[in-house]
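Lettering of chains follows the sequences in order, A, B, ..., and the numbering in each one begins at 1.
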There are 2 protein chains.
Amino acid sequence: MKQPASNKRPQPARASEPKQRRTGKDAARRSVCPIACTLDVLGDKWTLLVVRDLFAGKSHYHEFASSPERIASNILADRLERLVTAGLVETSSSSQRVGSSAYALTARGTSLFPLLAAIRDWGLANIAGTQARVQVPSPKA
Amino acid sequence: MKQPASNKRPQPARASEPKQRRTGKDAARRSVCPIACTLDVLGDKWTLLVVRDLFAGKSHYHEFASSPERIASNILADRLERLVTAGLVETSSSSQRVGSSAYALTARGTSLFPLLAAIRDWGLANIAGTQARVQVPSPKA
DNA sequence: CACATCGCTTGCAAAATGCAAGTGAAATTG
DNA sequence: CAATTTCACTTGCATTTTGCAAGCGATGTG
């Protein structure tokens with residue numbers, strides 16, 4: 001126990017602070033930085049792959065699940081739920097099944113295209129062996 | 001124990017396959033998709049914040065550590081090491097300390113700027129309360 | 001109506017993360 | 001120049017997230 005005898009900051013300990021751990025779905029925003037805030041939503045290895053698949057025209061659970069990266073089923077369900085919560089994806093209940101069946105990007109989700117394109121372009125230019133597949137869904141094919 | 005009696009795929013079990021778990025630092029590439037490959041390198045909540053700080057001119061460990069998001073020390077050390085391994089960052093041994101002291105983006109690291117800008121722009125446009133700070137390091141100030 | 005498929009859940013082990021507290025060397029200070 | 005402070009990390013540990021396999025109910029199909 002070394003106590004340098006000064007420099008103590010005993011932290012008054014307000015009794016009603018829940019000791020916020022910065023993790024979990026309800027984690028507080030880390031800062032006001034737009035990069036940090038975007039990463040709070042999209043910053044992991046799977047979310048943007050689901051978005052990529054949505055841009056590629058996929059809409060069903062098993063289509064996402066059968067992408068070459070083989071996302072685990074529980075992770076996929078979690079990411080879809082988060083994307084819906086974040087307002088980037090909506091479940092079109094066209095066939096109104098029990099579980100949600102068809103997913104689609106919202107307008108806000110579609111606005112991710114430049115971001116996704118920048119990531120794709122960087123990968124193509126900087127990682128050997130990568131191949132482009134996703135195309136811009138041409139407005140008037 | 002319900003065994004549907006058919007549809008069994010007993011997986012011949014080649015004795016010499018190490019049962020690759022797709023996690024850890026040496027995880028294999030998940031696909032040839034440039035987006036997936038980029039996320040293999042940058043896909044987490046912290047890596048791009050370190051890159052952001054590097055673009056903002058920071059170069060020392062304690063500068064990254066004192067960013068508003070308060071990255072944990074062990075995570076910061078890990079991310080810097082990965083960035084160096086990935087060839088995006090180098091330790092300039094200008095003052096040749098024991099621990100590496102000054103970090104800087106390599107040319108490949110600098111090429112991340114459009115990606116980072118796209119993320120920043122999306123955040124600014126789509127997440128309320130975000131504020132831009134990072135500026136393009138003007139080539140001829 | 002047996003069976004396959006779809007859209008998820010569940011259980012569990014392994015890995016990553018968050019946090020606090022070191023540690024050792026260099027720089028600073030008295 | 002001894003004492004302290006700062007810097008750049010490490011370490012230990014609890015909690016959370018991930019990966020993987022399996023299961024499960026509700027359709028769809030032959």
Side-chain angles (χ1 to χ4, degrees), chain A residues 1-11 18-28 30 39-40 43-47 49-50 58-66 69-82 84 91-93 95-103, chain B residues 1-11 13 17-28 30 39-40 43-47 49-50 58-66 69-82 84 89 91-103:
Chain A
M1 284 186 224
K2 294 181 186 177
Q3 284 177 310
S6 71
N7 198 347
K8 50 175 75 172
R9 194 166 39 86
Q11 203 88 8
K19 195 68 171 185
Q20 187 83 317
R21 213 176 206 266
R22 292 193 312 180
T23 186
K25 295 191 182 185
D26 53 338
R30 293 178 293 174
L39 292 175
D40 284 341
D44 73 281
K45 290 196 188 312
W46 294 111
T47 304
L49 294 186
V50 175
K58 298 184 180 179
S59 61
H60 292 279
Y61 196 91
H62 70 276
E63 294 178 299
F64 305 124
S66 64
E69 296 85 10
R70 321 285 15 221
I71 185 171
S73 190
N74 51 346
I75 309 288
L76 175 54
D78 178 75
R79 294 306 186 274
L80 284 168
E81 186 190 324
R82 285 175 194 249
V84 169
T91 69
S92 64
S93 52
S95 63
Q96 62 214 36
R97 294 220 192 161
V98 189
S100 0
S101 181
Y103 296 90
Chain B
M1 283 189 215
K2 294 183 185 176
Q3 284 176 311
S6 72
N7 197 346
K8 50 176 74 172
R9 192 167 38 86
Q11 203 89 9
E17 285 185 47
K19 195 69 172 185
Q20 188 82 316
R21 211 174 208 265
R22 292 192 314 181
T23 184
K25 295 191 182 184
D26 53 339
R30 293 177 292 174
L39 292 176
D40 284 341
D44 73 283
K45 290 199 188 311
W46 294 110
T47 304
L49 294 186
V50 175
K58 297 184 181 180
S59 61
H60 292 279
Y61 196 91
H62 70 275
E63 294 178 299
F64 306 123
S66 64
E69 295 85 9
R70 317 299 356 235
I71 185 171
S73 190
N74 51 347
I75 308 287
L76 175 54
D78 178 75
R79 293 305 186 276
L80 284 168
E81 185 191 323
R82 285 176 194 248
V84 170
V89 165
T91 69
S92 66
S93 52
S94 57
S95 63
Q96 64 214 34
R97 295 220 192 160
V98 190
S100 0
S101 180
Y103 296 90

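Partners of A:D44 by side-chain hydrogen bond (donor to acceptor under 3.5 Å, both in side chains), not counting sequence neighbours, listed by chain and number: A:T47, A:R79. Every residue meeting the side chain to side chain contact (heavy atoms under 4.5 Å, CB included) condition with B:A65, not counting sequence neighbours, appears here in chain and number order: B:L76. With sequence neighbours excluded, the residues forming a side-chain hydrogen bond (donor to acceptor under 3.5 Å, both in side chains) with B:S73 are B:Y61, listed by chain and number. Considering only residues two or more places apart in sequence or on other chains, A:K58 meets the side-chain hydrogen bond (donor to acceptor under 3.5 Å, both in side chains) condition with A:S67. Applying the salt bridge (charged side-chain N to carboxylate O under 4.0 Å, His left out) rule to A:E81 yields the partners A:K25; only residues at least two apart in sequence or on another chain are considered.
Atoms NZ (B:K45) and P (C:dG18) sit 9 Å apart, rounded to a whole Å. Residue A:Y61 contributes atom OH, which lies 18 Å from atom P of D:dA26 at whole-angstrom precision. Distance B:I75 CD1 to C:dT17 C1': 5 Å, rounded to the nearest Å. Distance, A:R22 CZ to D:dA14 C1': 17 Å, rounded to whole Å. One interatomic measurement links the two molecules: NZ of A:K58 to C1' of C:dC6, which rounds to 16 Å at whole-angstrom precision. Distance, A:E63 CD to C:dC6 C1': 12 Å, rounded to whole Å. The interatomic distance linking A:H62 (NE2) with D:dG28 (P) rounds to 14 Å, in whole Å. With rounding to whole Å, B:L76 atom CG is found 14 Å from D:dC7 atom P.
Of all nucleotides listed (C:dT17, D:dC9, C:dG7), C:dG7 comes nearest to the side chain of A:S101.
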Write out a two-atom table: protein N or O, nucleotide N or O from nucleotides 12-15 of chain C, distance below 3.5 Å.
residue, atom, partner, partner atom, Å
C:dA15, O3', B:T23, OG1, 3.1

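Looking at B:I71 and B:L49, their side chains never come closer than 4.5 Å, going by heavy atoms from C-beta outward.
Residue B:Y103 is in sugar-phosphate contact alone, with no base atom involved, counting any heavy-atom pair closer than 4.0 Å across all strands shown. Across all strands, A:R79 comes closer than 4.0 Å only to sugar-phosphate atoms, never to a base (heavy-atom distances).
Note on B:D40 versus B:R30: salt bridge recorded, some NZ/NE/NH1/NH2 to OD/OE distance being below 4.0 Å.
Taking only side-chain nitrogens and oxygens, A:H60 comes nearer than 4.0 Å to OP1 or OP2 of C:dG7. Taking 4.0 angstrom as the limit, B:W46 places a side-chain polar atom (N or O) nearer than this to OP1 or OP2 of C:dG18.
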